[in-house]
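In what follows, a single structure is set out as structure tokens and then discussed.
This one's a predicted model, so the numbers in the text were calculated from it and none came from an experiment.
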Amino acid sequence: MTFAIHTFGCKVNIYESEYVTNLMQENHYQMIPFDSEEVADVYIINTCTVTNEADKKDRKLIHTARKNHPHSILVVMGCYSQLNPSKIDADIVIGNKYKSQIIELIKEYQNSKQKIIKVDNITKTDFEDMYINRFVTHTRAFVKIQDGCNAFCAYCTIPYARGGIRSKDFDKVISEVTTLVNNGYHEIVLTGIHTGRYGVEKHTNLETLLRELVKIPNIFRIRLSSIEINEITDGIIDLIKNNDIMAKHLHIPLQSGSNEILKKMNRLYNKETFIERIYYIRKEIPDISITTDLILGFPDETEANFKETLGTLNKIKFTKIHTFPYSKRDGTKAASMPNQIDGNTKKCRVKEVINISDKSELAFYKQKIGNIYDGIIETRKDGKKIVITTNYIPVEVVTDLSNNEKVKVKITKIENNKVKGDII
């Protein structure tokens, strides 16, 4: 039996798809590329529902897979499945629970030939334990330490798709990371839906976990996928500053640089607090890279609010700004707010911020010419080899070294907006 899997969305989804891939292979399924001319016996689509555009991509691929492979078993799982199970034309629909039961569900379908919808109310549920000891598709190893979100930002459906916050057992995280390190993975990326809230229901926290993880023998690097500004403790900053195992990079969502809009979004900080904290982090860790997420065109975002956001961005000077037009999501508070912004205005604002981001990113890279960093070799889809530095600079190198080799790289130049370097 063969299978193919496609993943949309975040690093949590990537981790869960890797887990499913491992399960399939352990049960004697052979993996083939999703777009292969060879027809797989089972197609698996792991969905995302963070925006309307994400939903469209889900629906398009589901339709294409069903149309092109009518005799194959189609499994659709993830966030879009959790919120829209009855709308999905698939043989097996799994929400954000029971992914660990995919083998049993496939066997059940093979026996009954009846559509299976395995989607429960996820408001209150336990952490679904997943454990990975190898990665099929990635050089760096992701470890999901947390799931769910209780924040209920006004624009976001994820608390409904992922449920409340819950965490992987402390000792199980240590064990999984230790196993991956022992199996040769040099960089571990800790991921979750609301990573900074790790352990709150288990009377522990992210800082305590990090202080134990850096003690694991032979661990090379730990990277955080994303964390909120009010969850970056002084202890975490101190750990990043003084321990080379911790990556000198933080992805901290801002979402808006206007206090009025932040309040309407139900974000639990104001721009002054955010800016002050960023200044402190940069003072303590001068070489750090700080990236962010930004939503533009939120309901009632005036031109003055937008200019205020631009002023905030100018003060912070993020390395990179992942910029999104506001996406109206049914069931959220923002969907029923007055003064929805027209698409053209959102598009123009996004374009302006992307230009700012591109210039800021290039300026950060130019500052680092001549610097030497350590990292691991990765091969991208286009065949080019890169080294991701501790502060998340993708440095293109020419080398015959294999994936996952630890190296030191010197940044030599910026060419066509790409960072080039030589292995030392």
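- With 3.5 Å as the limit, one finds a donor-acceptor pair spanning the side chains of Y365 and E361.
- For the pair K368 and F364, the cation-pi criterion (under 6.0 Å, within 45° of the ring axis) is fulfilled.
- Other residues, nucleotides and ligands contribute over 12 non-hydrogen atoms within 6.0 Å of the NZ atom of K202.
- The side chain to side chain contact (heavy atoms under 4.5 Å, CB included) test with I261 is passed by exactly one of I295, N305, T302: N305.
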Item to check | Worked verdict on T390 versus M246 for side chain to side chain contact (heavy atoms under 4.5 Å, CB included) | outcome: CA-CA 8 Å; T390 181; M246 294 297 303; over 6 Å; no
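- For the pair K118 and Y98, the distance from NZ or CZ to the six-membered ring centre is under 6.0 Å and the angle to the ring normal is within 45 degrees.
- Between the side chains of T323 and R349, no donor-acceptor pair of N or O atoms lies under 3.5 Å.
- More than 12 heavy atoms of other shown residues, nucleotides or ligands fall within 6.0 angstrom of atom CG in N68.
- With 3.5 Å as the limit, one finds no donor-acceptor pair spanning the side chains of K317 and S360.
- Test R66, K113, K115 against D91 for salt bridge (charged side-chain N to carboxylate O under 4.0 Å, His left out) and you get one pass: R66.
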Checklist entry - Are L180 and V177 close enough, and set up right, to give a side chain to side chain contact (heavy atoms under 4.5 Å, CB included), and what steps lead you there? => result CA-CA 5 Å; L180 287 164; V177 173; 5.5 Å; no
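- With hydrogens and angles left out, the side-chain atoms of Q146 and S167 include no donor and acceptor closer than 3.5 Å.
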Checklist entry - So R267 and E228, salt bridge (Lys or Arg N to Asp or Glu O under 4.0 Å) or not? Walk me through it. => result CA-CA 10 Å; R267 302 291 289 174; E228 298 288 342; 2.6 Å; yes
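- Across every non-hydrogen atom of G297 and K346, the tightest pair is CA-CG, 3.6 Å.
- With 3.5 Å as the limit, one finds no donor-acceptor pair spanning the side chains of S327 and T51.
- For D41 and S72, the side-chain atoms include no donor-acceptor pair closer than 3.5 Å.
- For the residue pair D129 and Y131, no side-chain donor N or O sits within less than 3.5 Å of a side-chain acceptor on the partner.
- No side-chain N or O of T2 forms a donor-acceptor pair with one of Q30 less than 3.5 Å apart.
- Note that NE2 of H194 and CD1 of I227 are 8.5 Å apart. Values are rounded to the nearest 0.5 Å.
- Side-chain contact annotation: N266 with K263, donor-acceptor N/O pair under 3.5 Å absent.
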Residues 417-424 side chain polar contacts: donor-acceptor under 3.5 Å, at least two apart:
unit_1: K420; atom_1: NZ; unit_2: E396; atom_2: OE1; d: 2.7

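- With values rounded to the nearest 0.5 angstrom, I290 atom CD1 is found 13.0 Å from K248 atom NZ.
- Atoms CZ and CZ, from R223 and R140 in turn, are 6.0 Å apart once rounded to the nearest 0.5 Å.
- Rounding to the nearest 0.5 angstrom, the gap separating the CG atom in L224 from the OG1 atom in T191 is 9.5 Å.
- The aromatic rings of F135 and Y15 are tilted relative to each other, their planes meeting at an angle between 30° and 60°.
- In this pair, F8 and H6 present their aromatic rings perpendicular. The plane angle is above 60°, beyond the 30 to 60° band.
- Under the side chain to side chain donor-acceptor pair (under 3.5 Å) test applied with H249, the options D287, N391, T291 reduce to a single match, T291.
- The ring pair (Phe, Tyr, Trp, His ring centres under 6.0 Å) pairs that include a residue from residues 307-351 are H251-H322, F298-Y326, where partners are two or more places apart or lie in different chains.
- A cation-pi arrangement is present between K144 and F127, with the terminal nitrogen or guanidinium carbon under 6.0 Å from the aromatic centre and inside a 45° cone about the axis.
- The minimum heavy-atom distance between M77 and S17, with the atom names listed, is CE-OG, 4.4 Å.
- A donor-acceptor pair shorter than 3.5 Å cannot be found between the side chains of Y269 and N230.
- Taken from CD1 in I376 to NZ in K406, the straight-line distance is 10.0 Å, to the nearest 0.5 Å.
- There is no side-chain donor-acceptor pair under 3.5 Å between E378 and N404.
- Of all heavy-atom pairs spanning L206 and G196, the tightest one is CD2-CA, 4.2 Å.
- For the pair Y160 and G331, the tightest heavy-atom approach, listed with the atom from each and the gap, is OH-O, 3.9 Å.
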